Amino acid sequence: MTDSILTINGLKKSFGPLSVLDGIDCTVAPSEVVCIIGRSGSGKSTLLRCINFLEEPDAGVISVAGITMPAGERSGEHGRNLIELRKRVGMVFQSFNLFPHKTVLENLIEAPMIVKKLGRPDAVRLAENLLKKVGLSEKRDVYPSKLSGGQSQRVAIARALAMEPQVMLFDEPTSALDPELTGEVLNVMRNLARDGMTMLVVTHELGFAREVADRVIFMDSGSFVEQGPPQQCLVNPKEARTRLFLERFLHNGGR
Amino acid sequence: MIAGLASVPARRPRLSFKVWLALWTLVWFGLLVVMFSGLQIVFGPVHLHTFALDGRFIGQWWLFISEGVVITLELAVVSILGASLLAFLSALARISRIAALNSLAGLYISLIRGTPLFLQFYFIYQGLPQFGLILSSFVSAVLALSLNYGAYMSEIFRAGIQAVSQGQTEAASALGMTPWQTMYRIVLPQAIRIVTPDIGNQFIAMQKDTALASAIALEELTGRARQAGLPRQHFFEALVIAAAWYWLLTIIFSYFQGRLEHRMAHSDR
């Protein structure tokens, strides 16, 4: 427990009468890669969005690298803590959400300069290194509208990394991409995992989960049904619901 | 294949929009000149007397009337700034979840849009003095135009801000930006691009609504035209001079508006 970088305790969230997260507890170790799978509507995206408070949880406590955030507070200290937490947690969205009025480089240096008050030369150096890392150095001064989906998502990953987060959240990062473009994004994520980044990945890419994840969590109806190493969770699941999900998924041509 | 493509003769471009516009403008002006030349046109049994504009009156008074352009422009520029500020603030209030602010802005917009602009000029210039608040014509006109256009532009701003996708706000928040940083660094720059054509139209409309200020004794273009033309029974000539100025200002502004939109369209997207 002492060795965890992210802890979730008793996390609850409902939208109106619909309970989406039903008391989630979870601990993630540094450098661990956790893939979360499950049907759409099972609450996996909401879980990610509650970790950095894009959705305000109804109850529970989130701790990330020394910052502890209980749900449902409104004080000024809470607001400052929120910023501190978000600095430590990077997020990648299904629909990229790059800033269309800024070039690729400007997308990357925006938050480091505005939030961390990093000087421009330092921010640019950091951004250029990250662009090299995701293989898009030549797109430095291009606007996002000129990028393919795969390139956009790689820039979005680099933008999140520019804040030097300690945990990265991926919310279905390849779901909006043409099949032939998912590979380049998964490659970047694979390298990131190899470099020791702590990652929570909501995904339908079971192949990626099998290969890269240290742990797979199967979610259904707002709670964890089963979790364990990919060999267990994806190949020999104990729970009937997990088996059913996998059978249906493979039957429908999933990877 | 490429050579084949290149050898296809380029289609001769048709007369462009601009050329047609210039042609029609010339024709229109030619007709105007003939209509107001005072000529008697005899064509067989038809005798046409065209109107006679008094060149002497125009020569004597065009400078006096034209000096009103300065005040008209001052009024338009100051009012558009005031209106933009008001519109921005009340758009933010409309979007905010603070009920007191939201309803206050709603009341302001409803009240202003529910009463005539002309009436608002009178309220400020001739109504307020009853309660001891006496404002100059210019200040009254600025207030009336700012308040009025602020209400209309507020709805444009609000729509523009809401047209920026929710994902942009989420991305900025997830990076640790505060709501205010998110608003002025990420949402507003995109919203401004969206609303530029509409705001430009509002500016063009306002430039001409400055003429209402002549009713509260401001000596802008229309006021001066009235002052020069009415007592000398050459109101028509005086109004033509004023109209020409409004038209010219609008053409100039439309040109810059077009350039601005063109540049914005090419910087991204």
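Just so we're clear, the structure is a prediction, and the values are computed from it rather than from any experiment. All chains are named by letter (A, B, ...) in the order of the sequence lines, taking the proteins before the strands, and each is independently numbered beginning at 1.
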Does [atom1] belonging to [X] count more than 12 external heavy atoms closer than 6.0 Å?
| X | atom1 | result |
| --- | --- | --- |
| A:Glu138 | CD | yes |
| B:Phe138 | CZ | yes |
| B:Tyr255 | OH | no |
| B:Ile98 | CD1 | no |
| A:Lys116 | NZ | yes |
| B:Phe256 | CZ | no |

With a 4.5 Å heavy-atom cut-off, do A:Lys102 and B:Pro189 have their side chains touching? no

Can you confirm whether A:Glu110 sits close enough to B:Gln181 that some side-chain heavy atom of one is under 4.5 Å from a side-chain heavy atom of the other? no

Strictly distance-based, threshold 3.5 Å: is any side-chain N or O of A:Asn97 a donor or acceptor partner for the main-chain N or O of B:Gly167?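 At least one qualifying donor-acceptor pair exists.
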
Looking only at heavy atoms, which two atoms of [X] and [Y] are closest? And how far apart?
| X | Y | value |
| --- | --- | --- |
| B:Ala174 | A:Phe93 | CB-CZ, 4.0 Å |
| B:Gly176 | A:Ile83 | O-CD1, 3.3 Å |
| A:Arg86 | B:Ser173 | CD-O, 3.0 Å |

Of the backbone (N, CA, C, O) and the side chain (C-beta and beyond), which part of [X] lies under 4.5 Å from a heavy atom of chain B, both, or neither?
| X | result |
| --- | --- |
| A:Arg49 | side chain |
| A:Phe99 | both |
| A:Ile114 | both |
| A:Leu169 | neither |
| A:Val89 | backbone |

Can you tell which of A:Asn52, A:Leu82, A:Leu98 has the highest number of heavy-atom pairs within less than 4.5 Å of chain B?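 Counting heavy-atom pairs under 4.5 Å, the top option is A:Leu98.
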
Determine the option with the most heavy-atom pairs under 4.5 angstrom with chain B, choosing from A:Met91, A:Arg159, A:Lys87. A:Arg159

Spacing of NE2 belonging to A:His101 relative to CD1 belonging to B:Ile186, to within rounding of 0.5 Å: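 If we round to the nearest 0.5 Å, A:His101:NE2 and B:Ile186:CD1 are 4.5 Å apart.
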
